[in-house]
Amino acid sequence: MKKPLHLFLLLLLTTACTGNRSAESSETGDTLHLRYARNLTIVEYANYTEVTLRNPWDTLKTMARYCLCDGKQAITTDADYHVIVPLQRAAVFSSVHCALFHELQADSAVGGICDTQFFNLPYYKERITKGRITNLGNSMQPNLEQIINLNPDAILPSPFENSGGLGRVERLGFPIIWCADYMESTPLGRAEWIRFYGRLVGRAQKADSIFNAVEHHYMMLCSKAHNTKIKPRLLPEMPWSGQWTLPSSESSSAKLYADAGAEYLFAHLKGKGAIPLSTEKVIDKAVDADIWLIKHHGQLNRQQIVSDTPLLGGIKAPIWWCDTSKALILEETPFHPERLLENLIAILHPELGITPNYQYFSLL
């Protein structure tokens with residue numbers, strides 16, 4: 001006697017896409033509640049975790065889908081990449097993410113890095129010198145031979161709009177984990193990506209705990225700055241090779257300036273991420289600044305700034321600068337925006353009497 005059609009379909013549904021997994025593990029996963037990150041979705045199943053990255057430049061499209069599994073069981077999904085976790089020898093292109101792995105106590109997950117000349121992190125500098133970490137060359141044109149020799153379990157680069165991807169690196173067949181956290185539109189949105197990275201290195205609980213502390217401190221600082229009556233006019237960065245790259249209105253930096261109680265002079269810039277403008281287009285508004293924030297690799301003084309670009313002589317605002325060759329602002333603050341927020345509030349609103357725990361900027 002033939003079984004009814006509906007019983008056959010039910011059997012089919014309970015076995016589809018399970019591979020060698022048991023039927024019990026095919027149950028609906030638990031979606032991780034992300035409070036701020038908009039370009040990330042994490043669904044946890046019994047035997048694996050599914051992660052979806054939304055394309056930040058075209059939010060109707062997906063940048064990549066990942067299946068994170070321990071490799072002990074065969075998992076069959078329609079993910080773009082199956083990643084064995086925790087990572088053991090990842091190729092990490094950015095010092096930002098190396099610093100995060102260090103905080104997560106997962107330094108051993110980093111097998112190779114790019115742009116070693118810009119690394120300020122003592123632990124990694126020592127391992128680079130001793131040859132314990134592979135130097136992969138320039139992050140924009142990484143050394144293919146070194147990547148092949150490393151045989152990484154994943155490659156972690158930062159994507160850029162219309163860059164065409166990684167070219168030959170992608171064709172090597174290693175999982176590419178796009179670190180698009182910097183394209184989130186809020187500081188806490190970017191910081192929340194720590195929960196994804198924590199799951200890559202087997203530190204999910206620690207990552208969740210760190211983020212909860214970051215969120216609590218950030219929101220507490222926001223409430224203090226929100227009550228201030230004066231909003232100093234803020235000018236960030238300085239031109240380089242004739243272009244002044246400024247945060248757009250939809251960037252996490254613009255949001256952080258607002259949270260710090262500043263009037264960001266270029267909050268009108270439409271777009272996502274950073275917008276390059278000519279110095280001539282910037283200078284008309286720049287001369288009205290009350291505070292000028294500059295990050296620069298190495299020593300700097302006002303005379304040097306003006307001699308390189310005479311137009312900047314019209315900006316009379318006091319300069320608060322950060323020497324990125326010494327301070328770890330680029331490495332620490334992407335996932336700890338509360339540290340930068342605290343520093344900015346102390347500069348913008350000294351009347352609040354806040355003494356920052358992390359002093360990145362000094363009065364020039």
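Everything numeric in this text was worked out from a predicted model, so none of it was measured.
Tyr257 places no side-chain N or O within 3.5 Å of a backbone atom of Leu265 that could act as its donor or acceptor partner. Side-chain atoms of Glu331 never come within 3.5 Å of backbone atoms of Val96 as a donor-acceptor pair (strictly under, hydrogens ignored). Judged by distance alone, with hydrogens and angles left aside, the side-chain atoms of Glu342 form a donor-acceptor pair with the main-chain N or O of Asn357 at under 3.5 Å. Looking at Thr129, its side chain does come within 3.5 Å of a backbone N or O of Lys125 through a donor-acceptor pair. In this structure, the side chain of Ser249 engages the main chain of Leu269 through a donor-acceptor pair within 3.5 Å. In this structure, the side chain of His97 does not engage the main chain of Val92 through any donor-acceptor pair within 3.5 Å. At distances below 3.5 Å, at least one donor-acceptor pair connects side-chain atoms of Asp153 with backbone N or O atoms of Arg89. A donor-acceptor pair under 3.5 Å is formed between the side chain of Asn343 and the backbone N or O of Phe361. Under a 3.5 Å cut-off, the side chain of Asp290 and the backbone N or O of Arg233 do form a donor-acceptor pair. Side chain of Asn120 to backbone of Thr324: a donor-acceptor contact under 3.5 angstrom is found.
With sequence neighbours excluded, no residue forms a ring pair (Phe, Tyr, Trp, His ring centres under 6.0 Å) with His336. For His268, the ring pair (Phe, Tyr, Trp, His ring centres under 6.0 Å) partners are Phe266, not counting sequence neighbours. With sequence neighbours left out, the side-chain hydrogen bond (donor to acceptor under 3.5 Å, both in side chains) criterion links His297 to no other residue. For the side chain to side chain contact (heavy atoms under 4.5 Å, CB included) test, residues two or more places apart in sequence or in another chain that qualify with Lys130 are Glu126, Arg132.
Side-chain contact check for Trp193 and Glu184: at least one donor-acceptor pair (N or O, by modelled atom type) lies under 3.5 Å. Side-chain contact check for Asp259 and His226: no donor-acceptor pair (N or O, by modelled atom type) lies under 3.5 Å. A donor atom on one side chain and an acceptor atom on the other are found under 3.5 Å apart for Tyr124 and Asp107.
With contacts defined as side-chain heavy-atom distances shorter than 4.5 Å, the pair Ser253/Lys255 does not qualify. At least one side-chain heavy atom of Trp244 sits under 4.5 Å from a side-chain heavy atom of Leu312. With a 4.5 Å cut-off on side-chain heavy atoms, Leu53 and Tyr66 count as touching. Proximity of Phe93 to Asp115: side-chain heavy atoms (C-beta onward) are nowhere separated by under 4.5 Å.
In this structure, Tyr48 and Tyr45 have parallel ring planes: the angle between them is below the 30° cut-off, well short of the 60° mark. Taking the six-membered ring where tryptophan is involved, the planes of Tyr197 and Phe335 are perpendicular, since the angle between them exceeds 60° and thus also 30°.
Under the 4.5 Å side-chain contact rule for hydrophobic residues, Ile128 and Tyr123 share a cluster. One hydrophobic cluster, built from ILVMFWY side chains closer than 4.5 Å, holds both Leu330 and Met140. A single hydrophobic cluster is not seen to contain both Leu172 and Ile84; linkage of ILVMFWY side chains at heavy-atom distances under 4.5 Å, directly or through other members, places them apart. Following chains of ILVMFWY side-chain contacts shorter than 4.5 Å, one cannot reach Leu300 starting from Phe118, and the two form parts of different hydrophobic clusters. Linking Ile, Leu, Val, Met, Phe, Trp and Tyr whenever their side-chain heavy atoms come within less than 4.5 Å leaves Ile230 and Leu341 in two separate clusters.
Nearest heavy atoms, Leu188 versus Phe211: O-CE1, 3.6 Å. Residues Ala90 and Leu156 come closest through the heavy atom pair CB-CD1, 4.1 Å.
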Next on the checklist: side-chain contact (heavy atoms from CB on, under 4.5 Å) for Leu256 and Leu340? Distances and angles first, verdict last.
Outcome noted: CA-CA 9 Å; Leu256 188 137; Leu340 181 54; 4.2 Å; yes

Checklist entry - Checking side-chain contact (heavy atoms from CB on, under 4.5 Å) for the pair Val214/Ile194: CA distance, chi angles, key distance, verdict? => result CA-CA 11 Å; Val214 168; Ile194 189 176; over 6 Å; no

Checklist entry - side-chain contact (heavy atoms from CB on, under 4.5 Å) between Ile291 and Trp320: does it pass, once the steps are laid out? => result CA-CA 7 Å; Ile291 298 288; Trp320 288 80; 4.0 Å; yes

Item to check | Pair Cys67-Val83, side-chain contact (heavy atoms from CB on, under 4.5 Å): steps then yes or no | outcome: CA-CA 6 Å; Cys67 174; Val83 184; over 6 Å; no

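Shown are Leu34, Val51, Thr49, Asp181; of these, the side-chain contact (heavy atoms from CB on, under 4.5 Å) with Phe196 is made only by Val51.
The structure places OG of Ser95 at 13.0 Å from NE2 of His102, a figure rounded to the nearest 0.5 Å. Annotation: the span from Ile319 atom CD1 to Lys316 atom NZ amounts to 10.5 Å, rounded to 0.5 Å. For the atom pair CZ of Arg190 and OG of Ser251, the computed distance is 11.0 Å after rounding to the nearest 0.5 Å. Within the model, atoms CG of Leu200 and CD1 of Ile177 stand 4.5 Å from one another, a figure rounded to the nearest 0.5 Å. Atoms CG and CG, on Asn143 and Leu136 in that order, are 7.5 Å from each other to the nearest 0.5 Å. Atom-to-atom distance recorded for Gln205:CD and Ile210:CD1 is 11.5 Å, nearest 0.5 angstrom.
With respect to Glu332 and Arg339, a salt bridge is recorded, a charged nitrogen being found less than 4.0 Å from a carboxylate O. Between Asp80 and Arg65, no side-chain nitrogen of the basic residue sits less than 4.0 Å from a carboxylate oxygen of the acidic one, so the salt-bridge criterion is not met.
Residues in residues 200-219 take part in these salt bridge (charged side-chain N to carboxylate O under 4.0 Å, His left out) pairs, two or more places apart or across chains: Arg35-Glu215, Arg195-Asp208, Arg199-Asp208.
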Could you tabulate the donor-acceptor pairs under 3.5 Å formed by side-chain atoms of residues 270-289, not counting sequence neighbours?
from   : atom 1 : to     : atom 2 : distance (Å)
Lys272 : NZ     : Pro56  : O      : 2.8
Ser278 : OG     : Lys281 : N      : 3.3

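No more than 12 heavy atoms of other residues, nucleotides or ligands shown are found within 6.0 angstrom of CD on Gln141.
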